[in-house]
Number of protein chains: 2
Amino acid sequence: MCHTGWLWHIADMKQSSITQPMLESPEAPDSVAALSAELIAVLVAVTDGEPRVLTLHQAAALPSGPFAATDRSLQASLRAWVERQTGHPLGYVEQLYTFADRDRTGAADGSCAGPVIGISYLGLTREARVSGYETSWQGWYRYFPWEDQRTGPDVTRTALTAGLHAWAEDAADKTERASRRQRVVLTFGTAQAGTEAWNEELVLQRYELLFEAGLVPEAGRPANDALAGTGMLHDHRRILATAIARLRAKIKYRPVVFELVPDDFTLLQLQRVFEAVAGRLLHKQNFRRLVEQQGLVEETGALATATGGRPAKLYRFKRSVLQERAISGTKLPLSRSR
Amino acid sequence: MCHTGWLWHIADMKQSSITQPMLESPEAPDSVAALSAELIAVLVAVTDGEPRVLTLHQAAALPSGPFAATDRSLQASLRAWVERQTGHPLGYVEQLYTFADRDRTGAADGSCAGPVIGISYLGLTREARVSGYETSWQGWYRYFPWEDQRTGPDVTRTALTAGLHAWAEDAADKTERASRRQRVVLTFGTAQAGTEAWNEELVLQRYELLFEAGLVPEAGRPANDALAGTGMLHDHRRILATAIARLRAKIKYRPVVFELVPDDFTLLQLQRVFEAVAGRLLHKQNFRRLVEQQGLVEETGALATATGGRPAKLYRFKRSVLQERAISGTKLPLSRSR
DNA sequence: TCCAATAATGCTGGGATTGAGTATAAGGGA
DNA sequence: TCCCTTATACTCAATCCCAGCATTATTGGA
């Protein structure tokens with residue numbers, strides 16, 4: 001044995017929840033199987049008001065690669081690779097989650113035999129231009145149609161909520177029914193007029209709920225459904241959900257939006273990117289006020305060639321406050337209306 | 001090749017920062033070396049007003065074990081193990097960070113040859129009783145004396161800040177000096193009267209700054225210094241710093257404090273635990289108001305046998321709101337004074 | 001030339017949140 | 001009984017934030 005003597009075994013990597021039931025696990029055999037690790041990247045850019053992710057295999061998989069045990073920093077390598085591919089610097093990289101998948105034991109040629117550890121990353125970039133074959137940028141709402149609430153509670157959400165409530169009522173005993181109902185309401189909100197209560201950060205919870213209710217059948221094969229969204233291979237859609245949730249949370253208290261917009265931008269452009277990521281609309285005046293009073297931007301002096309309407313001032317991100325704000329935090333709260 | 005064809009290499013797992021310089025990396029050989037993975041746990045309990053972590057090897061290491069590629073959920077196994085050891089349920093488990101360490105290539109017997117991937121976890125529990133040999137609970141401020149700001153800016157912090165400023169002035173060029181100065185002020189605050197500006201969440205940044213400044217010499221061997229704190233083996237102190245930072249952040253917006261207090265508690269007890277974790281004092285009346293109006297607790301009806309003073313009402317955590325709040329969030333802001 | 005549409009930008013009022021202080025109640029011990 | 005300690009209730013002002021309203025600047029057409 002290498003270390004201190006007690007074994008842990010890994011298989012499933014469900015995001016921890018306090019209420020998660022505790023499972024008893026029997027002792028496992030004291031063998032260490034051959035391991036392999038895989039790195040999975042969620043690369044995000046916002047183009048034409050749509051958040052996009054880089055995909056492979058006919059939009060059914062995220063870029064991933066085996067982890068080669070050599071000597072460079074992972075993040076540095078990730079950056080270098082992306083920069084070569086897209087021609088733009090990768091502004092921000094963040095580790096998402098590590099999970100183990102005992103069902104996926106590598107390719108057929110045996111070179112990747114044994115269980116796979118997956119380490120997923122979120123990366124932000126600017127321009128969506130790639131040269132690879134089979135590689136393309138896809139709008140992320142293609143995989144999660146219900147996550148785009150910029151036009152208010154739409155057909156998708158309504159239909160899904162209905163389906164979920166049916167599933168809830170379908171439960172065996174009363175307690176389970178109540179629990180399911182509560183989960184549905186908490187994650188999808190009551191689509192009643194006014195109340196809203198849509199929390200844009202619960203991307204993963206919603207996906208898992210739909211999965212549990214059998215509304216996003218993703219048993220290995222990617223399906224395509226206008227309601228349930230496009231499926232992905234393996235658990236890539238789950239990883240994407242994690243990435244979206246993380247980014248939606250982060251964008252509110254760290255100045256990462258600027259990694260997604262051009263060097264010079266108008267405040268409305270910035271707002272649109274923000275809204276695209278968050279999947280909901282913002283109050284324009286309040287957004288401007290916040291951005292301005294946070295001191296994160298400065299005017300370039302130039303004006304944008306208007307797209308119809310009064311020309312807007314162009315701003316640029318104050319790189320000088322980056323270090324400061326990266327530590328002390330921003331604060332760009334989401335409010336409802338437009 | 002197993003996957004899509006481009007390689008990533010992993011070595012160092014520095015927490016991503018936007019300002020981190022981008023390193024160019026050369027292509028790596030197309031070989032997949034033997035891998036091994038290690039799980040590292042930061043188990044936290046609060047006893048006698050002190051946050052403690054479970055340690056091994058004369059308080060110089062965190063519990064860790066090789067990852068055996070078998071079939072159970074890691075979290076379930078972790079829970080089971082801790083519950084056996086401590087006799088108390090592990091309330092909350094959360095993944096911290098995954099890193100790769102090419103310098104640490106397992107034990108001498110070759111069973112763990114190849115580079116090591118480390119997956120670290122944070123776990124919260126209640127009582128600090130262990131039966132193992134070499135195993136003990138240690139107050140976490142032993143490793144980070146400067147992180148305990150409950151008594152205001154103390155000698156430790158003052159001394160370290162002085163040392164850091166000396167280091168800052170020691171830089172070669174002007175830009176670097178300014179940058180260092182800024183980092184010192186941002187992470188350690190200006191210890192001026194009143195201004196404070198201590199951000200308790202910057203545990204990792206402070207540790208890294210001290211490391212960089214050579215004030216916490218931790219070249220593999222655990223040292224013991226009243227100022228720099230006790231060292232740990234490998235990068236365990238770094239992992240601990242990550243855990244503290246994560247917990248300090250989480251405790252403010254998720255109801256995880258309750259995992260660290262007994263079933264029945266007074267509001268002051270709850271506050272003390274909160275303060276112990278956060279390393280700073282809270283305004284008592286405001287803390288009560290928040291806890292109460294959040295609807296997270298309910299009175300048991302009983303009173304605490306006073307520890308001197310008017311008897312306090314006993315409260316219990318409303319488990320019923322757990323699922324709800326685990327999703328929708330709490331909000332227990334930290335304010336300064338007592 | 002005037003008007004309508006589209007944006008940008010400035011300003012204001014009310015409600016909620018928060019930081020911090022004051023006052024009162026209820027115990028124990030000298 | 002007085003005094004010390006802690007619990008608990010209440011108040012007040014500053015601030016923040018949401019959500020409107022109003023005004024200004026352009027473009028494109030009637």
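Chain letters run A, B, ... following the sequence lines, proteins first, then strands; residues in each count from 1.
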Pairwise N/O distances under 3.5 Å, protein to nucleotides 8-11 of chain D:
{"residue": "D:dT8", "atom": "OP1", "partner": "B:Lys313", "partner atom": "N", "Å": "2.9"}
{"residue": "D:dT8", "atom": "OP2", "partner": "B:Arg288", "partner atom": "NH2", "Å": "2.2"}
{"residue": "D:dT8", "atom": "O5'", "partner": "B:Arg288", "partner atom": "NH2", "Å": "3.1"}

Examine the side chains of [X] and [Y] and answer whether a donor and an acceptor come within less than 3.5 Å of each other.
X        : Y        : answer
A:Arg289 : A:Gln293 : no
A:Tyr92  : A:Glu94  : yes
B:Glu292 : B:Tyr315 : yes

A:Asp264: side-chain contact (heavy atoms from CB on, under 4.5 Å) partners, not counting sequence neighbours: A:Thr300, A:Leu314, A:Arg316
Contacts of type side-chain contact (heavy atoms from CB on, under 4.5 Å), residue B:Arg310, not counting sequence neighbours: none
Over how many whole Å does the gap from [X] atom [atom1] to [N] atom [atom2] extend?
X        : N      : atom1 : atom2 : value
A:Arg272 : C:dT6  : CZ    : C1'   : 12 Å
A:Leu281 : C:dA7  : CG    : C1'   : 16 Å
A:Gln293 : D:dT15 : CD    : P     : 13 Å
B:Leu268 : D:dA7  : CG    : P     : 4 Å
A:Gln269 : C:dA7  : CD    : C1'   : 13 Å
A:His283 : C:dA8  : NE2   : C1'   : 13 Å

NZ or CZ of A:Arg150 within 45° of A:Trp198 ring axis and under 6.0 Å: no
